[in-house]
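Okay, so here's the structure we're looking at.
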Amino acid sequence: MNTEQIEVIYVDGERKQFPRGVSIQQALDAVGKGRDRWIAARWNGALVDLRFVLEEGGRLEGVSADSKEGLEILRHSTSHVMAQAVKMLYPGASIAIGPAIENGFYYDFEVDEPFTQEDLARIESKMKEIISSRLEVKRREMPREEAIRFFRERNESYKVELLEEIPDEVISCYQQGDFLDLCRGPHIPHTGYVKAFKLLSVAGAYWRGDESKPMLQRIYGTSFPDRDGLKQYLKFLEEAQKRDHRRLGKDLDLFSFSDEVGGGMPIYHPKGALLRHILESFEKREHLRRGYQIVMGPTLLKTDLWKRSGHFDNYRENMYFTEIDEQSYGVKPMNCLAHMLIYKSRIRSYRDLPIRYFELGTVHRHEKSGVLHGLLRVRQFTQDDAHILCMPEQLHEEIQRIIDFVIEVMGIFGFEYEMEISTRPEKSIGTEEDWEKATDALVGALNEKGIAHSICEGDGAFYGPKIDVKLKDALDRKWQCATIQCDFTLPDRFDLTYIGADGNRHRPVMVHRVILGAVERFMGVLIEHYAGAFPLWLSPVQATIVTVTDAQAQFAAKVWEELKELGLRVELDDRNEKLGYKIREAQMQKVPYMLVIGDREVGAVGIAPRRRDGTQLELMSTGDFAALVEKECLEASKGRVGLGII
RNA sequence: GCCGACGUAGCUCAGGGGUAGAGCAGCUGAUUCGUAAUCAGCAGGCCAAGGGUUCAAAUCCCUUCGUCGGCUCCA
């Protein structure tokens, strides 16, 4: 009866016959390839447990712990082990959810007392016990009602809530020892498969990320197939801390924050201000050469205007208001209004379009205190903002031009990035048709460029859909920088028009876009990206002149003047310190070049440059050095910036 | 805003009811030196701010502000 044979096809094309009812584990063992490495498998495209029983033929592929999917399964299983440990140590705890995330996993619990660092250590050792007892991880399927009853009896109200939203009649759970968790799976065969893990931190997290829901205790951890992987990751975290822009901002004396000033308001020190200035100069030039016009709008605009634009209704909680002569004014959180008024200041012809207004506009937004984060999340920031007004038929090309702009700039800085399209959110203005048209324009432009992107449903701005470009910080956290947002509504609200070739008035289309995003945030990510060692063209100090003894002070001062005159950003260190001391200091300040001047250089009327990577250049004249710097700047900036951008 | 941790000299940190500590940086002096730290001396603090408990608070308690890790939000 049960003698029927089924055929299994392996990834390499090999085929084998098995009696029906064979397990994945057995089918994989039969070919021996990668034996013991598999923690799960892909069966006809779907991820399944090794214990999964085959009832019919199909394609089989082993999944190992070091593959992307395998790692996710391992981490997910580790989160179950952690939840089991927590339930053993704190029987009153309720479990919520515990997924694998980018660099590890977490699990949310409801407990009477928040976890402490010491608790983490206790939980870790309990987990080690669970792991060494190699508990079988079993999949159990049961009717939904039974599962609800089960979790209700155990006071797992969060699981019950989740179950009530799952439409399936049969749901799956995974059990190891006494611990049973609602889960889709797959999982590792037994807890001994967890090889190297660490619990990293505790944090509060709202149930389902909703402020109105109870706050749970989240434990973050990570898990790897082997000790080395874990060690490497912990090392990465340590290294990342060293390139944290807040750390480097202090060490390199770029910027600071002050209690007395208030949170989220950066203060730029000379080198930070210079760095920002270089970035902004670069930006202005790049915009001018692409047909943008530089404009400037005021910081305070009457509240009535914000009402007209829709910001008052949709963005009020993020805005600051003040009163002048009994008139209410709002501090701008965006730059678009003045740009609209400039457009409206005269009659526009179709021949004028597209119009591209660019402003390095400083805006203020009331961000909740808990989200402020160095330069990456502040309350006052300057956007490299532009508003493009064009005819509907020009929209497509304009969006492509912007995408090209973004790609070119990211290339110059050497950033990796991800693009996301965000669609209509609940709280929004405009007609369904406008939203559809705008969304299609964005998707179409990315598709034609062949750029991979994800779609975030409901994440758009209240006035239109957008493409976001995300950069990663040193700790792999993503930050939105460039964004391209369509807006079919503002032109309407402000009744913007142009006279078409037909002599009639038409409505232009508007695109809001930023390339760097906020200059502050971009600088923060930039600092981490380069670990403070800026390329020559960006570095606020390009070279430090270091004298060997006091005897060369006069000559060094002359060299200093010459180099400044040639457009270099140079500092002079003629302190009465030993050469090694001064080199060390310049090195720690990550200055690209150190120009050593001793008696030899004075005699030869030159300088001896040393790169920050330690390489020593031959003695040369100031003119030759300036030429060298210029060449290097141009190379690094892809021909954009040479000497003396400022 | 919410949960938790933290706030001591310019920086990095020790101290934990009974006279405020170190290293680096700073200042002064000596040294005049060739590619990642020369030596010595001096100075530096309302222990985040405000309130309380106590004979006595940097230390214990409360409030506020700020920072850090998250949640949420966003450039």
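Not measured: the values here are computed from a predicted model. Residue numbers start from 1 in every chain, and the chains themselves are labelled A, B, ... in the order their sequence lines are given, proteins ahead of strands.
Taking the side-chain hydrogen bond (donor to acceptor under 3.5 Å, both in side chains) definition, one finds that Gln117(A) meets it with nothing, sequence neighbours left out. Contacts of Tyr320(A) classified as ring pair (Phe, Tyr, Trp, His ring centres under 6.0 Å), with partners at least two apart in sequence or in another chain: His366(A). A search for ring pair (Phe, Tyr, Trp, His ring centres under 6.0 Å) contacts involving Tyr206(A) returns nothing, not counting sequence neighbours. Judged as a ring pair (Phe, Tyr, Trp, His ring centres under 6.0 Å), and not counting sequence neighbours, the contacts of Tyr593(A) are Phe625(A). Under the rule for a side-chain hydrogen bond (donor to acceptor under 3.5 Å, both in side chains), Gln241(A) has no partner lying at least two apart in sequence or in another chain. The ring pair (Phe, Tyr, Trp, His ring centres under 6.0 Å) search around Trp435(A) returns none, not counting sequence neighbours. Residues forming a side-chain hydrogen bond (donor to acceptor under 3.5 Å, both in side chains) with Arg401(A) (at least two apart in sequence, or on another chain): none. Annotation: side-chain hydrogen bond (donor to acceptor under 3.5 Å, both in side chains) contacts of His245(A) (sequence neighbours excluded): Glu528(A). For the side chain to side chain contact (heavy atoms under 4.5 Å, CB included) test, residues two or more places apart in sequence or in another chain that qualify with Asn103(A) are Tyr233(A), Asp476(A).
One finds no side-chain N or O of Arg218(A) lying less than 4.0 angstrom from the OP1 or OP2 phosphate oxygen of G69(B).
Of the residues in residues 246-257 of chain A, those with a non-hydrogen atom less than 4.0 angstrom from any atom of RNA chain B are Arg246(A), Arg247(A), Lys250(A).
Taking the side chain of Gln217(A) as heavy atoms from C-beta on, and the options C74(B), C71(B), C3(B), the nearest nucleotide is C3(B).
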Using a 4.0 Å cut-off on protein heavy atoms (strictly under), produce a 5'-to-3' string for nucleotides 33-40 of chain B with B for base contact, S for backbone-only sugar-phosphate contact, and - for none. BBBBBB--
Polar atom pairs between nucleotides 62-66 of chain B and protein, under 3.5 Å, N or O only, would you list them?
| from | atom 1 | to | atom 2 | distance (Å) |
| --- | --- | --- | --- | --- |
| G66(B) | O2' | Asp259(A) | OD1 | 3.1 |

